[in-house]
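Sequence positions, counted from 1, serve as the residue numbers for this chain.
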Amino acid sequence: MRAFFIISVFLSGLVSLGAIWIVHQMTANFNPDGSNPMWSNGNPGLFFMLWPMPFIFYFIFSMIFVFEKIHNKYKVNRRRFITGYTLLFIGLVSFTLYRILDFNRVAQPYFEYEIGYLNPYTNDLFFNVWTLLAALCIPAIVSFYLEGRK
């Protein structure tokens, strides 16, 4: 059972990274000098985040137990690690929000209509390795509050 769990966590992590890579490949490049059309169904990157979403959720949830084992094995300082994970989470979310808002501020003058924050040019700002790391900070913090923790 333990081997199956380790393999499933590893494979779901690979699927998560693969989905992020595909979204990055499917995100249109914003070109301020040329035309940047947005069609009604012109956001193919989001499609490639939908089908692996159960694997991504499984990966994030199962990392609670992985972090618990790591924290128990190495007898980490609980308060220091919770503070570190929280600061990392806040830093990554702030960095991501800054990049999204900055992109929208820079790109908006090139469109006749108001563009949304989630558009074909910002998929890789929402779905990237940094946001996955920010999401992994939550199970790392939760792992300290499991029943088996001493």
Side-chain angles (χ1 to χ4, degrees), residues 4-71 76-146 149:
F4 177 72
F5 177 73
I6 292 170
I7 292 170
S8 68
V9 170
F10 180 74
L11 289 178
S12 64
L14 284 178
V15 168
S16 301
L17 291 175
I20 289 170
W21 181 78
I22 290 173
V23 166
H24 179 70
Q25 296 299 317
M26 298 299 287
T27 299
N29 291 328
F30 177 72
N31 184 7
D33 298 331
S35 85
N36 294 296
M38 283 204 261
W39 301 286
S40 61
N41 290 325
N43 204 346
L46 290 181
F47 174 74
F48 292 102
M49 276 314 284
L50 288 177
W51 66 267
M53 201 54 77
F55 296 102
I56 295 169
F57 286 143
Y58 173 78
F59 176 67
I60 292 172
F61 178 75
S62 63
M63 287 304 289
I64 293 173
F65 305 107
V66 173
F67 281 123
E68 181 199 18
K69 294 291 183 192
I70 292 170
H71 294 152
V76 298
N77 184 331
R78 179 181 178 157
R79 180 170 287 150
R80 186 177 297 159
F81 269 77
I82 289 175
T83 304
Y85 290 137
T86 304
L87 291 174
L88 181 63
F89 176 77
I90 291 170
L92 289 171
V93 168
S94 300
F95 174 68
T96 300
L97 287 176
Y98 171 76
R99 288 182 59 205
I100 292 165
L101 293 172
D102 185 54
F103 175 82
N104 200 32
R105 181 186 56 79
V106 169
Q108 187 60 55
Y110 295 99
F111 293 94
E112 299 133 10
Y113 48 88
E114 182 147 0
I115 59 172
Y117 287 109
L118 186 60
N119 59 59
Y121 308 108
T122 60
N123 290 335
D124 59 353
L125 294 177
F126 284 97
F127 305 107
N128 56 37
V129 175
W130 304 115
T131 56
L132 182 64
L133 288 175
L136 286 176
C137 288
I138 295 170
I141 293 170
V142 170
S143 70
F144 284 106
Y145 297 102
L146 290 178
R149 182 77 180 151

Quiz prompt | Student check: side-chain heavy atoms of Tyr117 and Leu101 closer than 4.5 Å | solution = yes
Value for CZ (Phe126) from CZ (Arg99), rounded to nearest 0.5 Å, stands at 11.0 Å
His24 side chain near Phe48 side chain, heavy-atom distance below 4.5 Å
no
In this structure, CD of Glu68 is separated from CG of Leu146 (nearest 0.5 Å) by 4.5 Å
Any Val66 side-chain heavy atom under 4.5 Å of Phe5 side chain: yes
Quiz prompt | Stacked cation flag Arg79 on Phe144, 6.0 angstrom / 45 deg | solution = no
- Would you sort out whether Thr27 and Leu125 count as a side-chain contact (heavy atoms from CB on, under 4.5 Å), showing the intermediate values? CA-CA 9 Å; Thr27 299; Leu125 294 177; over 6 Å; no
Applying side chain to side chain contact (heavy atoms under 4.5 Å, CB included) to Leu46 and not counting sequence neighbours gives Asn43, Leu118, Asn123, Phe127
Sorted by chain and number, sequence neighbours left out, side chain to side chain donor-acceptor pair (under 3.5 Å) with Thr131 holds for Asn128
Rounding to 0.5 Å, atoms CG (Asp124) and CD (Gln25) come to a distance of 9.5 Å
Donor-acceptor contacts, no H, no angles, side chain residues 86-95, under 3.5 Å, sequence neighbours left out:
| unit_1 | atom_1 | unit_2 | atom_2 | d |
| --- | --- | --- | --- | --- |
| Thr86 | OG1 | Ile82 | O | 2.7 |
| Ser94 | OG | Ile90 | O | 2.7 |

So OH of Tyr121 and CG of Asn29: to nearest 0.5 Å the spacing works out to 9.5 Å
Contacts of Asn104 meeting side chain to side chain donor-acceptor pair (under 3.5 Å) (sequence neighbours excluded), chain-then-number -> none
* Tyr113 backbone acceptor or donor facing Gln108 side chain under 3.5 Å -> yes
Output for pair (Glu114 CD, Asn119 CG), nearest 0.5 Å, gives 11.0 Å
Quiz prompt | Phe30 side chain reached by Thr122 side chain, heavy atoms, under 4.5 Å | solution = no
Across all chains, not counting sequence neighbours, the side chain to side chain donor-acceptor pair (under 3.5 Å) partners of Arg105 are Asp102
Phe61 meets the side chain to side chain contact (heavy atoms under 4.5 Å, CB included) criterion, sequence neighbours left out, with Ile64, Phe65
Ser12 and Tyr58 have their tightest heavy-atom pair at OG-CD2, 3.6 Å
Note to self: Apply side-chain contact (heavy atoms from CB on, under 4.5 Å) to residues Ile141 and Phe67 and explain how you reach the verdict.
What the structure shows: CA-CA 9 Å; Ile141 293 170; Phe67 281 123; over 6 Å; no
Between the OH atom in Tyr85 and the OG atom in Ser143, the distance rounded to the nearest 0.5 Å is 6.5 Å
Worksheet item: Any chance CZ of Phe55 has more than 12 other-residue heavy atoms, nucleotides or ligands included, within less than 6.0 Å?
Response: no
